[in-house]
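Below is one structure; the comments refer to it alone.
Treat the numbers as computed from the prediction; the structure is a model and nothing was measured.
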Amino acid sequence: MQTITVGPARIREAVTMREAIDAVRAGFRDLAAGEFEMPTRTALRDGQFLVMSAHHRATASAMIKTLSLNFARTPAITGTVVWTETGRVDGLVADAGAVTTLRTGAAVGVATDLLAPVDAGRLTLIGAGAQAPDQVRAVHAVRPLRELTVVATDPRRAEKLAETLAPDLPGTQLRTATDAEAAVAEADIVCCATNTSDPLFSASALPARVHVNAIGSFRPTMRELPDELLAHSTVVIDELDAILAESGEILHALEAGALTRNDLTELGTALATPDAPRSERTVFKSVGVAMQDWAIARLLADKFLA
């Protein structure tokens, strides 16, 4: 028996965003079908340390991820993803930072492909941290972008991210901004990837038809979206138990009466009814679940293990 260790560069070389999206989409379908044992993740020190695990019954495979989060350091996410399967002797250990950003982007790609208008091509990205690049890559994989506006409070960070993404976006018009309220006004798609505790924009700032992804907040004290947007949108979430434990914007909207639990549809369920009626405004809220990490780890196992 041997353990294969896969670092960030090898993960990026081995797994394309399209492969990640397809794998995570299949994972959400299996999650809705009851194919996973997946406890709600353990959060220690108010979310600075996270432990996540998932077992996929059909393949008798399991994944455990441990990571630490510190937005004041680079990289902000460090840790390991460990993969085991009863049918394989060898095991796999992968860098948690690369897996996390890839799988979070992939989930947004799945949701955007399902919920965004088919002609959507203008993206406003709010946030320029570690999660931001894969948000753009995932959206671009399912809705080729004509325009991208990167919003950050520090203009230099927005400009640096735009430069980083430029090779991935040939032919896309790139802009930067510091005012989120103004930047979302003409967007077809908005991606929020921040650790704010206050909504990033008002519902009135958005176009009448828009799809919004929110992946930055992952604790009850964090909140990227206003109640009014959630109250008047079709709201799709990654997994109900995780959302009720961790999503500040959903918890706030439920407490305020802007939403009820019946207004929340899990992504796996929504994938089963792709033509269901939806509002002009749609929202995907994700705190991240272990199944997504399992999906990327399985791709890596298929590529690196005998």
Side-chain angles (χ1 to χ4, degrees), residues 23-70 76-84 94 96-97 99-108 110-111 131 193 195 197 213-225 230 235-255 259-271 283-298:
V24 169
R25 181 187 291 111
F28 272 113
R29 288 184 171 131
D30 278 2
L31 183 61
E35 289 293 333
F36 281 93
E37 290 181 75
M38 192 181 72
T40 302
R41 69 181 163 203
T42 300
L44 305 173
R45 199 177 173 86
D46 194 29
Q48 291 182 39
F49 299 96
L50 302 175
V51 181
M52 307 171 68
S53 59
H55 163 235
H56 188 237
R57 295 184 177 91
T59 58
S61 59
M63 182 284 315
I64 297 177
K65 180 171 80 170
T66 60
L67 60 81
S68 73
L69 289 171
N70 184 343
I77 302 170
T78 62
T80 59
V81 171
V82 180
W83 166 274
T84 56
V99 170
T100 300
T101 55
L102 186 59
R103 62 81 147 155
T104 306
V108 161
V110 173
Q131 298 277 14
N195 60 357
S197 298
N213 298 301
I215 61 92
S217 64
F218 62 96
R219 301 300 295 147
T221 54
M222 303 168 76
R223 185 171 167 232
E224 293 184 298
L225 305 179
L230 296 168
V235 180
V236 175
I237 58 175
D238 48 14
E239 197 265 339
L240 183 61
D241 287 346
I243 288 292
L244 294 180
E246 297 183 340
S247 172
E249 46 268 284
I250 298 297
L251 292 171
H252 192 281
L254 289 170
E255 184 177 349
L259 283 178
T260 70
R261 291 193 186 191
N262 290 335
D263 295 320
L264 305 174
T265 302
E266 291 185 341
L267 182 53
T269 301
L271 287 167
V283 171
F284 174 58
K285 173 57 198 172
S286 174
V287 294
V289 294
M291 175 282 296
Q292 298 164 238
D293 301 292
W294 171 90
I296 303 304
R298 184 185 182 188

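Here Gln48 contributes atom CD and Ser68 contributes atom OG; the two are 8.5 Å apart, rounded to the nearest 0.5 Å. Interatomic distance, CG of Leu244 versus CG of Leu251, reported as 6.5 Å (0.5 Å rounding). For the atom pair CD1 (Ile64) and OG1 (Thr84), the distance works out to 7.0 Å, reported to the nearest 0.5 Å. Rounding to the nearest 0.5 Å places CD of Gln292 at 8.5 Å from CE of Met38. In this structure, Ser247 OG and Ile215 CD1 are separated by 12.0 Å, a value rounded to the nearest 0.5 Å. Here the CD1-CD1 distance, from Ile250 to Ile243, works out to 6.0 Å after rounding to the nearest 0.5 Å.
Val110 places a side-chain heavy atom less than 4.5 Å from the side chain of Leu271. Put simply, the side chain of Val283 does not reach to within 4.5 Å of the side chain of Ile237, judged on heavy atoms. At least one side-chain heavy atom of Leu230 sits under 4.5 Å from a side-chain heavy atom of Leu225. Residues Arg41 and Glu246 form a side-chain contact, since some pair of their non-hydrogen atoms from C-beta on lies under 4.5 Å apart. No side-chain heavy atom of Lys65 sits under 4.5 Å from any side-chain heavy atom of Val82. Put simply, the side chain of Asp293 reaches to within 4.5 Å of the side chain of Met52, judged on heavy atoms.
Heavy-atom minimum distance, Gly97 versus Ile77: CA-CG2, 3.8 Å. Closest approach of Glu224 to Gly216, counting heavy atoms only: OE1-N, 2.9 Å. Considering every non-hydrogen atom in both Arg219 and Ala43, the closest pair reads NH1-CB, 3.7 Å. Taking all atoms of both residues into account, the shortest heavy-atom contact from Met63 to Val81 is CG-CG1, 3.6 Å. Residues Ala297 and Trp83 approach most closely at CB-CE3, 3.6 Å, considering heavy atoms. The minimum heavy-atom distance linking Val99 with Ala94 is given by the pair CG2-CB, 4.1 Å.
Here Thr221 pairs with nothing under the side chain to side chain donor-acceptor pair (under 3.5 Å) rule; sequence neighbours left out. For Arg25, the salt bridge (Lys or Arg N to Asp or Glu O under 4.0 Å) partners at least two apart in sequence or on another chain are Asp22, Asp113. A search for salt bridge (Lys or Arg N to Asp or Glu O under 4.0 Å) contacts involving Glu249 returns Lys285, not counting sequence neighbours. Partners of His56 under the ring pair (Phe, Tyr, Trp, His ring centres under 6.0 Å) rule, at least two apart in sequence or in another chain, are Phe36, Trp294. Not a single salt bridge (Lys or Arg N to Asp or Glu O under 4.0 Å) links Asp238 to another residue, sequence neighbours left out.
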message: Does Glu239 form a side-chain contact (heavy atoms from CB on, under 4.5 Å) with Leu31? I'd like the steps, not just the answer.
response: CA-CA 9 Å; Glu239 197 265 339; Leu31 183 61; 4.2 Å; yes

message: Evaluate Leu50 against Thr66 for side-chain contact (heavy atoms from CB on, under 4.5 Å), listing each step before the verdict.
response: CA-CA 6 Å; Leu50 302 175; Thr66 60; over 6 Å; no

query: Should Thr59 and Glu35 be marked as a side-chain contact (heavy atoms from CB on, under 4.5 Å) after you check the CA-CA gap, both sets of side-chain angles, and the distance that decides it?
result: CA-CA 10 Å; Thr59 58; Glu35 289 293 333; over 6 Å; no

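Formation of a donor-acceptor pair under 3.5 Å by the Arg57 side chain with backbone atoms of Gly34 is found in this model.
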For a quick test of your reading: what N or O donor-acceptor pairs under 3.5 Å do the side chains of residues 261-270 make, sequence neighbours left out?
unit_1: Asp263; atom_1: OD2; unit_2: Thr260; atom_2: N; d: 2.7
unit_1: Asp263; atom_1: OD2; unit_2: Thr260; atom_2: OG1; d: 3.2
unit_1: Glu266; atom_1: OE2; unit_2: Leu240; atom_2: N; d: 2.8

